[in-house]
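For reference, the structure is listed below as structure tokens.
Side chains included, hydrogens not; waters and symmetry mates left out as well; all remaining heavy atoms used.
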Number of protein chains: 4
Amino acid sequence: MPKVLPGYQQEARKRIIVTAVETFSEIGFHQTTMEDIAKRLGVSKAAIYSYFKNKEELIDAIGEATLHTLKEELDSLFKGRLSTDSFLEWAMSIIEMKIEDIKKYSSLHFEVLIEASRNVSLRRMLKENIRKATIIVAGLLEEEKRKRCIRQELNTRPLALGLIALFFGLRQVLLTGIGDEEVSQAWRELMKAVARS
Amino acid sequence: MPKVLPGYQQEARKRIIVTAVETFSEIGFHQTTMEDIAKRLGVSKAAIYSYFKNKEELIDAIGEATLHTLKEELDSLFKGRLSTDSFLEWAMSIIEMKIEDIKKYSSLHFEVLIEASRNVSLRRMLKENIRKATIIVAGLLEEEKRKRCIRQELNTRPLALGLIALFFGLRQVLLTGIGDEEVSQAWRELMKAVARS
Amino acid sequence: MPKVLPGYQQEARKRIIVTAVETFSEIGFHQTTMEDIAKRLGVSKAAIYSYFKNKEELIDAIGEATLHTLKEELDSLFKGRLSTDSFLEWAMSIIEMKIEDIKKYSSLHFEVLIEASRNVSLRRMLKENIRKATIIVAGLLEEEKRKRCIRQELNTRPLALGLIALFFGLRQVLLTGIGDEEVSQAWRELMKAVARS
Amino acid sequence: MPKVLPGYQQEARKRIIVTAVETFSEIGFHQTTMEDIAKRLGVSKAAIYSYFKNKEELIDAIGEATLHTLKEELDSLFKGRLSTDSFLEWAMSIIEMKIEDIKKYSSLHFEVLIEASRNVSLRRMLKENIRKATIIVAGLLEEEKRKRCIRQELNTRPLALGLIALFFGLRQVLLTGIGDEEVSQAWRELMKAVARS
DNA sequence: GATGAATGAGCCTTCATTCAT
DNA sequence: AATGAATGAAGGCTCATTCAT
């Protein structure tokens, strides 16, 4: 007796997730009340329970959604280089583009990280995402290496992981309130190190 | 007997903090009950309240303690180089030494980070710690630069912040279960990049 | 079903207030547990919290309700005189009519009084009620004065306040267990004093 | 092995009672903590327990002490008349003398009243005090009556109770913040009524 | 499908009271 | 005789969750 198409279900889930992401991001996973989310959605608490069995399932879904976003973020790391850019210009365009997004959902990123530290499936997903992203980034770096834009002696696979880690770490630095400019320069300096002089 | 014997009071506070750190680390700040801590300490809940006004104050104290530890961790980055080591050997010895410590209370660090994202005084403290550490690390790098162990074109100050961020990021990567070896290599590769070929 | 049906909400609030009045009256404001009230109502503690933000708000509501009752009590002082009654007969009919009511929730009145002594808004309300009642009673007395039923040299306004105070005081006396008869006679004697010989 | 004379014990009890009266008066019986009292006394909580078995016993003692004071207050009603004063002058001197004291411990009076409503022995004591005071006041009024200062048709015994009730009631009026002047005048008007024109 | 209402379980916090020293 | 320290027993309040309608 499904009155609505599964499409609607999915649509509703998404709307809930979007709102939940906002709320969780502002207040934190465990300080956010189901009521908080419901109010912001303009529906009753019970309504949310039609789409998510319980708060944990909602958190998991948010975790997955966040990891999905993270994955895309990482994939896009170093993507879209124009042939005219130098390696460094390219690298800088990335950080400058991302910096606002990063700040926006920064705390959520760490909430998910903590959640992952206590939730195997989330942790596995996070690990897998990093792995896949590492491979993609490594591929891009390999290309740069071939084009002699980066130092020849560097192994692209661990380097890729290193850059991803750096990206994560800058997020942490941004969270403390250290300015965008400083953060950009930190990124630049390491990119300069990576780049072929 | 101890009228104004801050010794005992301090001792008790410390014991509470140690136990709380363990518990918070395993369960998380907001999932941990005062009772959880009390039980593990073998005292009543009320006892804790004679040393800390409320849960928040306890969390803050732990936040500060953790940040203190973080500060020391960062300060020790690159310290203690033997004259015989190459820059790279030195850098690797650091990461290998730290990696176990890092994994130990890793999730607590992130809990504190999130706490800091919503607690001005904690956030300010974190920021200050990073700043100070940046200066110290920059100084060490400056020395290396003078000794021509690292690339001449690199600015040590932003580079220092970059390495600190990298350190932070590797902590995040470690949390996912990615192996020590891979993490070490990621660090190495970026150090190689920094080092003068 | 009741979306914005204040009817139900109001009804529920009232039922809670009625039960709370009983309970507070027997046990006292600060000795009564939210659970005490909930049990007597046959609902959960949490249910009460959807109608009253916290215990204080419930107490305030009861304070206001009690003051409202008090106001009516005072207003009715000396009301409804039949033309055939003498002033004294009239005065006595009042006290005899009220005496049972007075005893019923007597201790609650004093609880509210104490609450008022530490709660500005409640105190102001109490004061206002007394003022208004004084004016009404003074008006009635003025009428009696014109009809030469009470002593001509008496100023009705302060006299009204005096009689109200007397009424209050007799409530206190009744609380001690001193008999109705004695209390009635005390009232009579002062009324005799007021009445024109 | 009594190190101190019983005199000391009594002395200490008294000091505790005095401080407790102050504290209870400001904060109320059930909101006042043993710690509140101890702090104000400058001793430890445990010290109070050497003199009073528990809080209830302390409250009872305060109740008794308050009733004792009340008794004296009532006894002094109409006492000390100089032969030159008129009855009314005399009555007014009383209220003016008492008004400050009344306001000071007004809320305590009502706390004791409520306590009495739930504590047989306190209630009995209160009742007895009022009875005795009634007799004394009645005696004084009888004297006035003989001197033709008050209306001949008044029965002094119930009149005495009425005046005591009035006194109680004015205390309640004062508690609401109604001014001293108004209260004095209310008292005067009823005294005028009692006095022989 | 959605909601208003209710609830059980649990958490933080307080406080009268005890007791070893 | 006094106290610092500790605690058991609440009590207020919150919140994820359920369910009749």
Exercise. Toss me the dot-bracket line for DNA chain F: Watson-Crick and G-U wobble, both under 3.5 Å, 5' to 3', using | for pairs to another strand and [ ] for crossers.
Key: .||||||||||||||||||||
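- Every side chain to side chain contact (heavy atoms under 4.5 Å, CB included) that D/K39 has, sequence neighbours left out, goes to D/E35.
- With sequence neighbours left out, the side chain to side chain donor-acceptor pair (under 3.5 Å) criterion links A/D60 to A/N119.
- Straight-line distance from the CZ atom of C/R13 to the P atom of E/dA5: 14 Å, rounded to whole Å.
- For C/E26, the side chain to side chain contact (heavy atoms under 4.5 Å, CB included) criterion is met by C/R40, not counting sequence neighbours.
- For residues 36-44 of chain B, proximity to DNA chain F is found at B/V43, B/S44, defined as any non-hydrogen atom under 4.0 angstrom from a strand atom.
- B/I48 has its CD1 atom 10 Å from the P atom of F/dT7, to the nearest Å.
- Listed by chain and residue number, D/Q10, D/Y51, D/F52, D/A61 satisfy the side chain to side chain contact (heavy atoms under 4.5 Å, CB included) test with D/R13 (two or more places apart in sequence, or in another chain).
- Residue contacts for A/Y51: at a heavy-atom cut-off of 4.0 Å it reaches the sugar-phosphate backbone alone, with no base atom in range.
- For D/I16 and F/dA1, the CD1 to P distance is 12 Å, given to the nearest whole Å.
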Quiz item: How does protein reach along nucleotides 11-17 of chain E, written 5' to 3' as B (base within reach of a heavy atom under 4.0 Å), S (only sugar-phosphate), or - (no contact)?
Solution: SBBBBSB
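- In A/R124, the CZ atom is not crowded: 12 or fewer heavy atoms of neighbouring residues, nucleotides or ligands sit closer than 6.0 Å.
- In this structure A/A47 satisfies the side chain to side chain contact (heavy atoms under 4.5 Å, CB included) test together with A/V43, A/S44, sequence neighbours excluded.
- Among residue pairs with one or both ends in residues 30-49 of chain C, none qualify as ring-ring contact (aromatic ring centres under 6.0 Å, His included); sequence neighbours excluded.
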In a table with atom names and distances, give each donor-acceptor pair under 3.5 Å that connects a side chain of residues 62-70 of chain A to protein atoms at least two apart or in another chain.
{"unit_1": "A/T66", "atom_1": "OG1", "unit_2": "A/I62", "atom_2": "O", "d": "2.7"}
{"unit_1": "A/H68", "atom_1": "NE2", "unit_2": "A/E72", "atom_2": "OE2", "d": "3.4"}
{"unit_1": "A/T69", "atom_1": "OG1", "unit_2": "A/A65", "atom_2": "O", "d": "2.9"}

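- Scanning for side chain to side chain donor-acceptor pair (under 3.5 Å) contacts around D/K55 gives an empty result, with sequence neighbours left out.
- Judged as a ring pair (Phe, Tyr, Trp, His ring centres under 6.0 Å), and not counting sequence neighbours, C/H109 has no contacts.
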